[in-house]
2 protein chains.
Amino acid sequence: MKKIDILKKLRTSGLRPTKQRVEIARFLFEREKTFHFTVESLNKLLAKKTTAKISLATIYNTVHSFKTAGHLSEVEVRGNKSYFDTNVSNHHHFYDSETSELIDIDANDIVIQKIPKAPNGKKIKNVEVFINLKN
Amino acid sequence: MKKIDILKKLRTSGLRPTKQRVEIARFLFEREKTFHFTVESLNKLLAKKTTAKISLATIYNTVHSFKTAGHLSEVEVRGNKSYFDTNVSNHHHFYDSETSELIDIDANDIVIQKIPKAPNGKKIKNVEVFINLKN
DNA sequence: TTTCACTTTAGAATTATTATAAACTAGAAT
DNA sequence: ATTCTAGTTTATAATAATTCTAAAGTGAAA
């Protein structure tokens with residue numbers, strides 16, 4: 001994704017393209033593959049890469065804004081930290097607890113044949129499959 | 001499960017049946033249905049129910065001991081707190097984020113037809129399905 | 001250029017959990 | 001029964017992730 005598109009992405013989702021947001025957005029979205037991270041890892045990577053430092057609170061704010069705008073998804077993983085994913089399409093994950101690594105699984109690579117119906121009064125929002133790995 | 005069986009359960013898993021462990025174990029395992037809880041909710045419920053108070057640290061210790069012994073499973077749910085489940089068989093969950101409530105789904109009620117193979121060098125430990133609910 | 005609602009920031013506060021170390025206790029050995 | 005000891009409980013401190021606060025900064029509309 002090009003810088004011009006990133007600016008558009010921010011504006012169209014009602015996020016003022018500030019210096020910090022643009023820098024974070026470029027870091028996250030100017031890449032080919034999807035990217036998984038925690039706030040902590042993102043903070044370190046940005047600190048290494050960039051000139052001006054961005055405060056941790058801003059990284060939290062920005063990641064949440066991006067999530068609310070639908071530009072990031074939060075992945076449910078056991079443990080203390082929240083994981084985020086630049087892949088916002090419907091998909092699943094391998095989770096390697098030895099390395100705390102997440103790997104995307106395309107939605108088409110898992111087919112569910114039988115599924116229970118939702119408890120009464122509720123609807124199914126989405127189905128997430130986790131394939132936990134071992135060595 | 002009867003008290004005598006609970007004592008056996010503790011002893012056979014190398015856990016000395018102390019006053020506190022027996023009290024917690026009876027609260028968790030002397031019931032028909034499976035039970036989902038967080039340490040916080042368990043602490044409150046025990047405080048309401050019992051005479052002598054059990055310290056929060058002991059509840060953490062005990063829940064972890066029970067988990068290690070295979071008497072409880074930990075359920076991966078997005079959010080800050082850890083959820084535990086007295087159902088230790090292979091099964092899945094509905095998760096209602098509005099009420100933070102977990103509901104068991106029997107392993108037989110979900111059939112997965114197609115599944116990707118594990119990344120090289122890794123094996124599949126288990127597959128967990130979450131059906132997220134909305135109103 | 002002025003204005004102001006939105007944003008960033010440093011640091012404090014909060015929340016869940018784990019660590020510490022002293023007091024206690026179940027059960028084995030005497 | 002009494003003593004002993006490793007395992008357990010406890011209150012409290014420490015840690016870690018995240019959220020809150022309120023003051024200072026800034027994009028962009030007028």
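Naming: A, B, ... by sequence-line order, numbering from 1 per chain.
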- Side chain of A:Tyr60 only, please: which of D:dT18, C:dA16, D:dT8 is the nearest? D:dT18

- With DNA chain C as reference, determine whether B:Glu74 or A:Ile59 sits nearer its 5' end, using the nearest nucleotide of each. A:Ile59

- Task: Please report, rounded to the nearest Å, how far the C1' atom of C:dT8 is from the CG atom of A:Leu46.
- Result: 15 Å

- Task: Using a 4.0 Å heavy-atom cut-off across all strands, classify B:Thr58 as base, sugar-phosphate, or nothing.
- Result: base

- Item | Closest non-hydrogen atom pair, B:Val88 against B:Gly70 | CG1-O, 3.4 Å

- Task: Would you indicate what A:Ser82 reaches in the nucleic acid, counting non-hydrogen atoms under 4.0 angstrom: base, sugar-phosphate, or nothing?
- Result: sugar-phosphate

- Query: Between atom CG in A:Asn61 and atom P in D:dA22, what is the gap in whole Å?
  - Reply: 16 Å

- Query: If you check every side-chain atom of A:Arg16, which of C:dC6, D:dT19, D:dT9 has the closest atom?
  - Reply: C:dC6

- Can you tell me the distance, in whole Å, between the CZ atom of B:Arg21 and the C1' atom of D:dT10? 14 Å

- Message: Starting the side chain at C-beta, find the nucleotide from C:dA16, D:dT10, D:dC20 nearest to A:Ala57.
- Response: D:dC20

- Query: Of the candidate nucleotides C:dT9, C:dA26, D:dA28, which contains the atom at the shortest distance from the side chain of B:Thr18?
  - Reply: C:dA26

- Item | Nucleotide of D:dT10, C:dG27, C:dT8 approaching B:Ser55 most closely (side-chain heavy atoms) | D:dT10

- To the nearest angstrom, the CD-P distance between A:Glu23 and C:dT9 comes to 10 Å

- Hey, are A:Glu40 and A:Lys81 close enough for a salt bridge, meaning a charged N less than 4.0 Å from a carboxylate O? yes

- Task: Find the distance B:Leu15:CG to D:dT8:P and express it as a whole number of Å.
- Result: 7 Å

- Contact under 4.0 Å: B:Lys19 side-chain N or O vs D:dT10 OP1/OP2: no

- Task: Can you tell me the distance, in whole Å, between the CG atom of B:Asn43 and the C1' atom of C:dT18?
- Result: 16 Å

- Task: Using a cut-off of strictly less than 4.0 Å, decide whether B:Lys81 has a side-chain nitrogen or oxygen near OP1 or OP2 of C:dT14.
- Result: no

- Task: Report the residue (B:Val39 or B:Arg11) whose heavy-atom-nearest nucleotide on DNA chain C is the more 5′ of the two.
- Result: B:Val39

- Check B:Thr34 against B:Thr86 and note the closest heavy-atom contact, atom names and distance. CA-OG1, 3.3 Å

- Task: Between C:dT18, D:dT8, C:dG27, spot the one nearest the side chain of B:His64, thanks.
- Result: C:dT18

- For the pair made of NZ in B:Lys53 and P in D:dT10, what is the distance, rounded to whole Å? 7 Å

- Task: Determine, for A:Phe84 and A:Lys67, whether the Lys NZ or Arg CZ falls below 6.0 Å from the six-membered ring centre while staying within 45 degrees of the axis.
- Result: no

- Where is the tightest heavy-atom contact between A:Glu30 and A:Lys3, given as atom of each residue plus distance? OE2-N, 3.6 Å

- Query: Do B:Lys9 and B:Leu15 pass the side-chain contact (heavy atoms from CB on, under 4.5 Å) test, and can you show the C-alpha distance, the side-chain angles, and the key distance before you say yes or no?
  - Reply: CA-CA 8 Å; B:Lys9 181 178 214 153; B:Leu15 296 167; over 6 Å; no

- Nearest to the side chain of A:Leu56 - C:dT25, D:dT18, D:dT9? D:dT18

- Ignoring the backbone of B:Gln20, work out which of C:dA16, D:dT9, D:dT18 is nearest its side chain. D:dT9

- Query: Rounded to the Å, how far apart are B:Asn80 CG and D:dT19 C1'?
  - Reply: 11 Å

